[in-house]
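Notes follow once the structure below has been shown.
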Amino acid sequence: MAAGGRVIKNNIEVFLFSIKCNYKLNEPLSKHTTLGIGGNADYFVEVETENQLISLLKFINENKIKFFVIGGGSNLLFSDEGFKGIVIKLSGYFCKYEISQNNVVCGAAISLSYLAQQTAKQGLSGLEYLSSIPGTVGGAVFGNAGVKNYPISSVIDKIEVVDYYGEKRVLTKNDIKFEYRESNLNGNIITKIFIVLKNADKNDILKTISQEFERRKNSQPIGTKNAGCIFKNPKDDSAGRLIDSLNLKNYSVGGITISDVHANFFINKNNGCAKDMINLIKFVTNKVDERYNIKLETEIKIIK
Ligand code: EPU
């Protein structure tokens with residue numbers, strides 16, 4: 001058998017070929033993360049339908065293969081050694097959306113900012129404050145992404161998930177525990193999201209979106225290779241403010257530099273690697289702890 005003219009070497013490839021999944025071998029994860037960091041994934045698989053996803057998860061489970069589902073790659077740090085297993089990227093069916101009155105049903109892989117624009121154009125309010133958050137809707141729900149008092153959980157009605165054994169389930173908002181930048185959805189792959197929005201004046205919503213974009217442009221290093229805020233905010237404070245107060249803006253470890261715009265953003269300026277990032281995170285965590293006795297926790301996900 002052959003895929004793209006290439007000889008298929010092992011049972012993983014035979015299986016992927018049998019369920020008609022596109023895949024790449026030794027794919028650089030730096031191409032799939034906003035930080036531009038990460039070694040190679042053994043297998044990088046594009047899953048286009050729910051049946052493919054279910055079959056693949058069953059296969060992964062039976063064969064005890066390590067796997068990870070990647071969204072927009074905007075909140076992730078993969079190691080320099082890469083990922084010894086299968087990285088799954090949802091596409092196709094998972095990028096579709098439908099708007100009916102004030103209900104939105106969307107696939108997990110659609111971009112949150114794109115969806116916010118589309119709903120705004122229909123005079124639907126609820127996503128405008130989230131419009132400048134990079135990444136996919138699925139990723140945002142998983143990590144309960146938000147801006148100030150607007151977490152994405154506030155507009156969720158229910159979601160569909162496939163668990164790691166390949167079983168499909170529907171979870172209503174009451175079944176899910178959403179917290180600050182967290183949910184209890186570990187062990188599940190979010191596939192579909194049901195959102196309820198409110199009717200409002202289209203121009204007001206579009207104005208909020210552009211104000212939100214301006215605010216971000218002035219207070220965050222847009223257009224650089226970053227992963228958003230590195231640390232969660234400690235209770236009643238801002239990690240960015242704490243790091244800034246220690247005069248650490250522009251401080252670098254290897255190719256990673258603390259932004260001079262917002263100190264909770266670490267930028268891959270100069271071919272930085274995961275090791276540099278981890279060392280900078282450790283350095284900053286120690287400095288903040290020494291000075292303030294506050295133990296910062298990372299918001300980005302570090303994948304080993
Ligand atoms: N500040 C500084 N120096 C800095 C950064 C911030 O003094 O380098 C001060 C600001 O002047 C302000 C306060 O700290 O007085 C709070 O800053 P900001 O309004 O930027 O908010 P934040 O708490 O740092 C949070 C979210 C951001 C989100 C903004 C929206 C977290 C960890 N961060 O940042 O989310 O965009 O509010 O205003 O919850 C993300 O989650 O990746 C993220 C970037």
Side-chain angles (χ1 to χ4, degrees), residues 33-37 70-78 111-113 115-117 126-156 178-183 185 207-253 256-269 277 280-281 283-285 287-289 291-292 294-303:
T33 57
T34 54
L35 268 172
I37 289 179
I70 193 171
S74 55
N75 204 28
L76 291 181
L77 180 67
F78 281 107
S111 138
L112 177 56
S113 60
L115 189 68
Q117 290 284 347
L127 294 178
E128 54 272 39
Y129 288 101
L130 309 175
S131 58
S132 60
I133 295 180
T136 61
V137 179
V141 173
F142 193 86
N144 196 17
V147 167
K148 300 287 177 205
N149 298 324
Y150 298 95
I152 192 157
S153 52
S154 60
V155 293
I156 302 292
F178 283 115
E179 287 181 23
Y180 167 65
R181 298 296 192 270
E182 257 180 45
S183 73
L185 291 165
K207 193 169 157 207
T208 306
I209 290 185
S210 64
Q211 281 169 344
E212 183 52 27
F213 182 72
E214 272 306 302
R215 189 192 58 74
R216 227 172 232 258
K217 210 171 75 183
N218 294 327
S219 60
Q220 298 182 1
I222 285 188
T224 63
K225 287 186 188 171
N226 70 70
C229 285
I230 293 290
F231 298 103
K232 293 179 186 174
N233 280 343
K235 200 172 180 307
D236 301 326
D237 210 333
S238 152
R241 191 195 69 77
L242 293 171
I243 301 165
D244 191 4
S245 73
L246 299 171
N247 287 325
L248 289 174
K249 278 182 170 168
N250 283 321
Y251 184 89
S252 299
V253 169
I256 309 291
T257 302
I258 299 181
S259 163
D260 59 355
V261 182
H262 192 301
N264 199 6
F265 284 69
F266 296 3
I267 300 171
N268 179 7
K269 259 197 176 162
M277 181 60 97
L280 185 55
I281 288 172
F283 174 81
V284 169
T285 309
K287 285 279 172 205
V288 170
D289 192 17
R291 174 72 180 80
Y292 296 109
I294 291 174
K295 295 186 178 24
L296 290 180
E297 286 173 37
T298 49
E299 178 181 316
I300 60 163
K301 275 185 150 198
I302 299 171
I303 314 299

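Indexing begins at 1, ligand by ligand and atom by atom, following the structure's order.
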With atoms numbered from 1 as shown, which atoms in ligand 1 lie under 4.0 angstrom from a non-hydrogen atom of [X]?
| X | result |
| --- | --- |
| K249 | 8 (O) |
| F265 | 44 (C) |
| G228 | 42 (O) |
| F231 | 32 (C) |
| R216 | 36 (O) |

Checking [X] side chain against [Y] main chain: does a donor-acceptor pair fall under 3.5 Å?
| X | Y | result |
| --- | --- | --- |
| N144 | S153 | yes |
| E182 | Y180 | no |
| T34 | N226 | yes |
| N233 | A239 | yes |

- Task: Take R215 and V147 through the side-chain contact (heavy atoms from CB on, under 4.5 Å) test and state the conclusion after the steps.
- Result: CA-CA 12 Å; R215 189 192 58 74; V147 167; 3.9 Å; yes
Which protein heavy atom lies closest to [atom], and at what distance to 0.1 Å?
| atom | value |
| --- | --- |
| atom 30 (C) of ligand 1 | R215 NH2, 3.4 Å |
| atom 25 (C) of ligand 1 | N233 ND2, 4.0 Å |
| atom 29 (C) of ligand 1 | Q220 NE2, 4.0 Å |
| atom 3 (N) of ligand 1 | D244 OD2, 2.8 Å |
| atom 37 (O) of ligand 1 | K148 NZ, 3.6 Å |
| atom 26 (C) of ligand 1 | R181 NH2, 3.6 Å |
| atom 24 (O) of ligand 1 | H262 NE2, 2.9 Å |
| atom 42 (O) of ligand 1 | C229 N, 2.8 Å |

- Is there a protein heavy atom less than 4.0 Å away from atom 11 (O) of ligand 1? no
- More than 12 heavy atoms from other groups under 6.0 Å of NZ on K295: yes
- Query: Got a sec: does the NZ of K287 have more than 12 other heavy atoms crowding it under 6.0 Å?
  - Reply: no
- Message: What verdict does the side-chain contact (heavy atoms from CB on, under 4.5 Å) test give for L35 and F266, after you've listed the backbone C-alpha separation in whole Å, the side-chain angles of each residue and the deciding distance to 0.1 Å?
- Response: CA-CA 9 Å; L35 268 172; F266 296 3; 5.9 Å; no
- Note on the structure: Heavy-atom proximity to atom 17 (O) of ligand 1, picking from S238, P234, S259, points to S238
[X], portion touching ligand 1 at heavy-atom distance under 4.0 Å:
| X | answer |
| --- | --- |
| S219 | neither |
| V147 | side chain |
| Y180 | side chain |

- Query: Side chains of I133 and R216: closer than 4.5 Å at any heavy-atom pair?
  - Reply: yes
- P221 side chain reached by H262 side chain, heavy atoms, under 4.5 Å: yes
- For Y150, all residues meeting side chain to side chain contact (heavy atoms under 4.5 Å, CB included), sequence neighbours excluded: Y129, L130
- Task: Go through the steps for K249 and D244 under the test salt bridge (Lys or Arg N to Asp or Glu O under 4.0 Å), then give the verdict.
- Result: CA-CA 6 Å; K249 278 182 170 168; D244 191 4; 3.2 Å; yes
- Message: If you measure every N or O of A263 against every N or O of ligand 1, does any of those distances drop under 3.5 Å?
- Response: yes
